[in-house]
Amino acid sequence: MQNAYKYGLADQAIHIRVAMTSQGTEFEISNPVAPECMPDAQHLFDRYYRHENVQDQPGMGIGLSLVKSCAEKMEATISYQQRGVDAVFTVRFKQ
């Protein structure tokens with residue numbers, strides 16, 4: 001959620017969705033991002049990855065790699081996709 005606030009467009013809503021499915025629980029966070037700051041899906045979960053257009057923001061680039069590692073230890077998955085101008089992160093927990 002901190003990344004959504006830090007890297008999202010100012011004064012735009014952050015959307016949070018929690019859903020129970022037949023496969024388990026989904027937790028989704030989405031927010032609008034400027035096109036030039038849209039995450040690079042190939043490197044997003046790499047440790048120390050920082051998009052070149054957000055280097056002026058504080059951070060070390062380890063947050064999402066830690067989230068992915070924690071999710072894997074709980075047998076969950078985390079994924080990213082772009083939906084229009086929104087960056088969407090989904091964590092799925094098995095039942």
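Keep in mind the model is a prediction, meaning the values are calculated, not measured.
For residues 11-21, the pairs satisfying salt bridge (charged side-chain N to carboxylate O under 4.0 Å, His left out) are R17-E26, R17-E28, with sequence neighbours left out. Screening residues 61-85 for ring pair (Phe, Tyr, Trp, His ring centres under 6.0 Å), with sequence neighbours left out, gives Y80-F89. Residue pairs that meet the side chain to side chain donor-acceptor pair (under 3.5 Å) test with at least one member in residues 31-49, sequence neighbours left out, are H43-D46.
Atom SG of C37 and atom CD of Q57 lie 8.5 Å apart (nearest 0.5 Å).
Between G59 and R50, the closest heavy-atom pair is O-NH1, 3.1 Å. Contact between V18 and F27 at its shortest, heavy atoms only, is CG2-CD1, 3.5 Å.
Listed by chain and number, the residues in a side chain to side chain donor-acceptor pair (under 3.5 Å) with S79 are R92 (sequence neighbours excluded). Applying the side chain to side chain contact (heavy atoms under 4.5 Å, CB included) rule to P32 yields the partners L9, Q12, V85, D86; only residues at least two apart in sequence or on another chain are considered. With sequence neighbours excluded, the residues forming a side chain to side chain contact (heavy atoms under 4.5 Å, CB included) with A76 are A71, V91, F93, listed by chain and number. By the side chain to side chain contact (heavy atoms under 4.5 Å, CB included) test, V67 is found to be paired with I78, residues two or more places apart in sequence or in another chain being considered. Shown here are the side chain to side chain contact (heavy atoms under 4.5 Å, CB included) partners of M1, two or more places apart in sequence or in another chain: I16, I29.
Transitive grouping of hydrophobic side chains (ILVMFWY, heavy atoms separated by less than 4.5 Å) keeps L66 and Y5 in distinct clusters. Under a hydrophobic-cluster definition in which Ile, Leu, Val, Met, Phe, Trp and Tyr are linked whenever side-chain heavy atoms come within less than 4.5 Å, directly or via other members, L44 and V88 are assigned to different clusters.
Under the 3.5 Å distance criterion, the side-chain polar atoms of Q81 are left unmatched by any main-chain donor or acceptor of R83.
Atom CD of Q95 has more than 12 heavy atoms from other residues, nucleotides or ligands within 6.0 Å.
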